[in-house]
Amino acid sequence: MASPVARGAPTCDWRAPRELDNLRRARAEEFLDQASPLSPGDRLTLRLLSDEALGGTYVVQSDGTILIAGHGPLIVAGLSLPEAEETIRSVLVESQVVRPLRNAVSLSLIEAAGVPVAVSGAVFSEGAVRAGERTPESRIGLREGEVSGDDNVSRSVATAIRAAGGVRPDADVQRIYLVRGDAYVELDLSGLAHGWAARDVSVAAGDRVIVPSRGCFDPALARPTPLTPPGIKVFMSNLTRSANNNAGAAIGAETTSLPYGTRLLQALVAMNCVGGSYMQSDRRAVLISRNPRTGQSIVIERDIEKLVRAVGRDAANPLLMPNDAIACYDSRWSNFNEVIGSIGSAVGSATPALLLGGVN
């Protein structure tokens, strides 16, 4: 198992994503220093000096436009707030709605909505996600009345990655790519996972986030961080003589939802597979997992008592991944006792028939 990656350490098997071949590599300042562009769903306040009727609250439509009465759709998505204000001002001045004064048009942001972002690469659930989505209770300006300004801190690369299930332990968090239009920037977000400074970047509608794989396992990424899932869902089965069903084995929502970073032995304790009488001490556990890189199914079998008592248990005690499955099997003594019990039950049920046969 590979040791945790140090900042600046070479990767195990790193390759730049092929999707970047035809794109322009931008300077970091182009993405880091600019404000988050306007996106569909954002709410804006427009104020005019000469025509109060056209002023008011506007919502950026799904096609990236706003609709001002008497004018065609104005595209504002992808523009910064000052750029959108200048675009509206130019149109209204040209149509003689306002005079060409510097303060004739004022545009301010009420609320930055969640945005759709595509996330791919070394994450647990690739696909389209929404970053910065708000609950009805956290909407800005709906209860407070008229407000101006909003900073949706959840509309960021790290939040988009978390929404895609978080990075896998083989992810290269030092080289995460944000693609916008025909340009991309390389981001080092390793500080969010390893405890040093890192600057997250705001995302806009239509952005893409690509997380490359290092090709080797980093256990430091198998724990809750701003880039990884806080917890995982694990499927468990513990159908033994002493627990005839999962409910009897105390397997419920609290045990199957485990903190990320839980190892097999800890999960076995949670599902009551460890301890008990000597008759139960020779039990076995099976872990059913899947290689996140290749998608190939993996089955691992462990002797539970040996796993508990072994000095080098960590090497044989794997970290659990989302959607793993664990099953406990009875010990040989329990199986033998079950066979004896079955034979006894069969003889007991057959005895009346044998007696009746003897009477005849």
Side-chain angles (χ1 to χ4, degrees), residues 1 123-127 162 164-170 217 219 221-224 228-346 349:
M1 183 176 291
V123 293
F124 284 109
S125 300
E126 292 181 292
R162 281 280 292 271
V167 298
R168 303 192 310 245
D170 62 302
F217 189 90
L221 293 179
R223 59 187 179 86
T228 56
I232 57 175
K233 186 74 173 179
V234 177
F235 300 95
M236 296 180 176
S237 175
N238 182 14
L239 303 179
T240 69
R241 180 68 177 173
S242 57
N244 294 319
N245 53 69
N246 281 338
I251 296 178
E254 293 76 15
T255 54
T256 56
S257 297
L258 301 172
Y260 191 38
T262 299
R263 291 185 178 269
L264 175 60
L265 188 55
Q266 294 171 302
L268 293 175
V269 172
M271 61 190 292
N272 286 336
C273 284
V274 181
S277 66
Y278 177 78
M279 297 283 287
Q280 298 287 343
S281 64
D282 189 25
R283 303 188 66 197
R284 294 174 297 117
V286 169
L287 170 63
I288 305 170
S289 188
R290 190 173 295 277
N291 188 314
R293 294 188 64 201
T294 64
Q296 183 178 0
S297 180
I298 303 170
V299 178
I300 301 172
E301 183 177 354
R302 293 286 186 268
D303 184 300
I304 297 177
E305 193 65 16
K306 289 182 179 178
L307 190 60
V308 171
R309 298 181 182 277
V311 176
R313 68 178 64 86
D314 287 346
N317 188 23
L319 288 158
L320 299 181
M321 294 292 111
N323 298 319
D324 279 358
I326 307 173
C328 292
Y329 288 86
D330 290 340
S331 65
R332 290 171 293 180
W333 284 108
S334 295
N335 290 332
F336 179 74
N337 187 49
E338 190 75 19
V339 171
I340 296 299
S342 299
I343 294 174
S345 298
S349 62

Return the minimal non-hydrogen interatomic distance between [X] and [Y], and the atom names on each side.
X	Y	answer
Leu319	Pro219	CD1-CB, 4.3 Å
Pro322	Tyr260	CD-CE1, 4.5 Å
Gly165	Pro229	O-CD, 3.3 Å
Gly261	Gln266	O-OE1, 4.1 Å
Pro169	Phe124	CD-CZ, 4.0 Å

Main-chain N/O of [Y] paired to [X] side chain as donor or acceptor, under 3.5 Å:
X	Y	value
Arg290	Gly295	yes
Arg284	Glu301	no
Asn317	Leu265	yes
Thr228	Arg223	yes

Would you say the side chain of Ile326 lies within less than 4.5 Å of the side chain of Leu320, judging by non-hydrogen atoms?
->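 Yes, side chains in contact.
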Ile300 side chain reached by Arg302 side chain, heavy atoms, under 4.5 Å |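 A side-chain contact exists here, since the closest heavy-atom pair is under 4.5 Å.
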Distance, nearest 0.5 Å, that separates [atom1] of [X] from [atom2] of [Y]:
X	Y	atom1	atom2	result
Arg283	Asp330	CZ	CG	5.5 Å
Asp324	Ile232	CG	CD1	6.5 Å
Arg263	Leu258	CZ	CG	14.0 Å
Cys273	Leu307	SG	CG	11.5 Å
Arg162	Ser125	CZ	OG	13.0 Å
Asp170	Asn291	CG	CG	8.0 Å

With Cys328, the side-chain contact (heavy atoms from CB on, under 4.5 Å) member among Leu268, Asn272, Val274 =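 Exactly one candidate clears the test, Leu268.
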